[in-house]
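To start, the structure itself, in structure tokens.
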Amino acid sequence: MTRRTFAAVLLAIFAIASLMRIAWLRADPPTLDAVGIVWHDEGAWVHNARNRALWGTWRTDNWNPVFIAPVFTALEYGSFRAFGVGTWQARVVPVASGLLAIFALIAGLVTLVERRAALLGGALLATNYAFVMWNRAALMESTMTACIVVAWAAYASSARKPSIAAVAGVAAVAAWFTKASAAFFVAALALDATVTLVRGWQSRGHPDPGLDRRAAWWTLAGLTAAFAIVGALFVAPHWTDYQFYNWQMTVTRKPSYSLHDLAVRASWLPFVQGIFSRMWFVLLLAAVGIVGVVTRWTSARPAERLLVFWVFIGLAELVVHDSGNERRYVMFIPAFTALASMVVSWAMAAGPTTRRLLRSPALVAVVVLPLAFLVIGSAVRTVLIHQIEANDFKLAVRLSAALAVVTAALAAWLASRDRLAVRPLPVHALSTACCLLALGWNTFEYGRWVSHRTQENSDASRALGQLLPAGTVVQGKLANGMSLENRIRPIFVGNGFGNYDDRLRRDDARYILTYDLPQIGYESSVNSGLIQGILDHYPRRRVIATFVVDETPGPDRAVLIDKEPDGLPAHARD
């Protein structure tokens, strides 16, 4: 492919990617083909940035996610300072993050494989329906994932210039301080750098061992320096808050970590959320790519191994921490896309020969079994979707596990007879199938969202601003969710955090904002009695306004409640 052709296709990819992310940027996230976006969380996570832009201070109440996501908060503040406070301004940051991730993925693949596969990977990531929708939501996942992809791309590019690997270390730390769940990638990056150093010391026959070792040292240096700087300037001065938000609130409040619960969360991976099913063809190719990398592990390049660590350590983190939340699956989309593009590249370069895969039956079983369960389970999910939506996972888990065991046993038997091999597929057939099946399905889902899109949430926020003057104190988590198109002062009430302890003593807040459809306190559904308990404390409360919003497939409505119009202190009546 010539440079001119490559540049032209690259521009087309970015034009399409930009259009899909920027068009109708105030529109509500999808509820028909939902991808796990919780709309009312947007205002909550940009809370500190909004405070700083409007009131000149980071903190106005006891909810301060800046200690969870300082990088994201700083970027949101920059957007608010440049463009003003609003819905589309908050979403500019994830939009830019998504475009950066596409560029970084293409750059890494150009270094790792070749231009055609890189463009295919870029097109797949640019149009991936779930990724597009998360790139349109003012939440941390897009920015965290972009930092991870930048780190991987820098790690791949260090094959040419080792010092670039320092960027990988810095970007990985930036991902961590965008959202701490990126810890899995920091571990993966450090592990592969360590593996590279150990292999370099053990084998002088490895291609360019000195180059890889220098890149590994630069990676570890970047990680160490970035952690030291952020630790000294941010973590240490705010240790109490940092420890609370990143450990007590996000780890110790989670479900049990017993062996039974870990097994349940592992069995949920292909079923409880739909991101893997939506990108099933890419997932299938990615599984083949993982097997291919493991097959030639001793000669695989560091960036190829890092993709494998990215997937397996990331899945392990989900099993340990939380596999029931769809937002945690977004970070896998670029990894699977890169692996699928690598398989296309192998088909291009393989020629008429065949290559042997794993020879050890035991190793085949270990590698193939979890991948088969993931791929087969994601397909089974589409067939048994009604049972799964009713929280009945038994049949899907058992059927997928049985088929995965059969697949792994067959692969092990073929390996024992030295018959397991990869025969290159015709490049045009593989590329066409990938483009038509993956790109076509992504376009269909996006088009369906366009035809059903609404703008009820931002309209409701604007209507709230017309009803309440700037600076009005409003209690409730939904007050944060509906704060982007107005100038109210929300008081966040979480389940055991935020302004939880004084929730019954905030007489300075005349109003409380919550859902009444689908149910009272839906925004705090983990503890459905939280909001109701506050309302019960004010028996003379009165609903003074309702707002149509869009959060679930059914009817949704927010209500503004005057907590005690005749009994609040004088300073709270105005």
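Each residue takes its place number in the sequence, starting with 1.
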inquiry  = For Trp88, I'd like to know if atom CH2 has over 12 heavy atoms of other residues, nucleotides or ligands within 6.0 Å.
reply    = yes
message = Tell me whether Arg301 is salt-bridged to Asp192, with the criterion being a basic N under 4.0 Å from an acidic carboxylate O.
response = no
inquiry  = Among Ile275, Leu285, Leu283, which residue satisfies the side chain to side chain contact (heavy atoms under 4.5 Å, CB included) criterion with Phe336?
reply    = Leu283
ask   = Just wondering, are more than 12 heavy atoms of other shown residues or ligands nearer than 6.0 Å to OH in Tyr77?
value = yes
inquiry  = Under a 3.5 Å distance rule, please check whether Thr111 uses its side chain to pair with a backbone N or O of Ala107 as donor and acceptor.
reply    = yes
ask   = Relative to the ring of Tyr242, is the ring of Phe234 parallel (under 30°), tilted (30 to 60°) or perpendicular (over 60°)?
value = perpendicular
Closest heavy-atom pair and its distance - Ala172, Leu189 = CB-CD2, 3.8 Å
note = d(Leu437 CG, Leu284 CG) to nearest 0.5 Å is 10.5 Å
request  = Say whether, by atom type as modelled, one donor and one acceptor occur between the side chain of Ser97 and the main chain of Ala146 under 3.5 angstrom.
outcome  = no
inquiry  = For Gly324, is there any backbone N or O sitting under 3.5 Å from a side-chain donor or acceptor partner on Trp268?
reply    = no
query = Any donor and acceptor pair, going by atom type alone, linking the side chain of Glu141 with main-chain N or O of Arg327 inside 3.5 Å?
reply = no
query = If you measure only the distance, is there a donor-acceptor pair under 3.5 Å linking the side chains of Asn128 and Asn442?
reply = no
request  = Take Phe185 and Phe309, measure what ring-ring contact (aromatic ring centres under 6.0 Å, His included) needs, and give me the verdict at the end.
outcome  = CA-CA 8 Å; Phe185 187 80; Phe309 287 138; over 10 Å; no
request  = Please identify each residue that fulfils side-chain hydrogen bond (donor to acceptor under 3.5 Å, both in side chains) with Tyr446, with sequence neighbours left out.
outcome  = none
inquiry  = Using salt bridge (Lys or Arg N to Asp or Glu O under 4.0 Å), reason through Asp322 and Arg265 one step at a time and then give a plain yes or no.
reply    = CA-CA 7 Å; Asp322 180 12; Arg265 291 199 284 270; over 6 Å; no
ask   = Could you give the distance from OH (Tyr155) to CG (Leu307), rounded to the nearest 0.5 Å?
value = 11.0 Å
query = Are Met342 and Leu109 close enough that some pair of their side-chain heavy atoms sits under 4.5 Å apart?
reply = yes
request  = Look at atom CH2 of Trp24 and say whether more than 12 heavy atoms of other residues, nucleotides or ligands are closer to it than 6.0 Å.
outcome  = yes
ask   = Is it true that a side-chain atom of Ser323 and a backbone atom of Val319 form a donor plus acceptor pair closer than 3.5 Å?
value = no
task = Answer with yes or no whether the side chains of Trp441 and Glu445 bring together a donor and an acceptor at under 3.5 Å.
result = yes
message = If I take atom CD1 from residue Ile13 and atom CG from residue Leu119, how far apart are they, to the nearest 0.5 angstrom?
response = 4.5 Å
key: NZ/NE/NH1/NH2 to OD/OE distance under 4.0 Å, Glu304 and Arg296   = yes
message = For a salt bridge (Lys or Arg N to Asp or Glu O under 4.0 Å) check, start with the C-alpha distance between Arg50 and Glu76, then their side-chain angles and the critical distance, and finish with the verdict.
response = CA-CA 8 Å; Arg50 178 182 180 273; Glu76 287 289 348; over 6 Å; no
ask   = Are more than 12 heavy atoms from other residues, nucleotides or ligands located less than 6.0 Å from atom CH2 of Trp39?
value = yes
Flag if over 12 foreign heavy atoms under 6.0 Å of CH2, Trp247 = no
inquiry  = If the condition is side-chain hydrogen bond (donor to acceptor under 3.5 Å, both in side chains), which residues does Glu42 pass it with, not counting sequence neighbours?
reply    = Arg91
query = Do Ser142 and Thr145 have side-chain N/O donor and acceptor atoms under 3.5 Å apart?
reply = no
task = Examine distances only and state if a side-chain atom of Thr178 and a backbone atom of Met144 form a donor-acceptor pair shorter than 3.5 Å.
result = no
Salt bridge (Lys or Arg N to Asp or Glu O under 4.0 Å) assessment of Asp241 paired with Arg59 = CA-CA 12 Å; Asp241 289 312; Arg59 305 196 208 187; 3.2 Å; yes
task = May I ask you to check whether Trp45 and Phe72 place their ring centres under 6.0 Å from each other?
result = no
query = Any donor-acceptor pair under 3.5 Å linking the side chain of Arg21 with the backbone of Ala17?
reply = yes
inquiry  = Any side-chain to backbone donor/acceptor pair from Ser158 onto Ala215? Under 3.5 Å, distance only.
reply    = no
query = Have Thr73 and Asn48 got a donor and an acceptor in their side chains that come within less than 3.5 Å?
reply = no
query = Has the side chain of Thr2 got a donor or acceptor atom that lies under 3.5 Å from a matching backbone atom of Thr5?
reply = yes
ask   = Are Asn51 and Thr60 close enough, and set up right, to give a side chain to side chain donor-acceptor pair (under 3.5 Å), and what steps lead you there?
value = CA-CA 7 Å; Asn51 289 344; Thr60 57; 3.1 Å; yes
message = Working to the nearest 0.5 angstrom, can you tell me the gap between Thr337 OG1 and Leu125 CG?
response = 5.0 Å
message = When you compare the side chain of Leu369 with that of Phe373, does any pair of heavy atoms fall below 4.5 Å?
response = no
key: Partner of His238 by ring-ring contact (aromatic ring centres under 6.0 Å, His included), out of Tyr245, Phe67, Trp58   = Phe67
ask   = Is a side-chain N or O of Trp310 found less than 3.5 angstrom from the main chain of Met331, in a donor-acceptor match?
value = yes
message = Under a plain distance cut-off of 3.5 Å, with no hydrogens placed, do Thr196 and Arg305 share a side-chain donor-acceptor pair?
response = yes
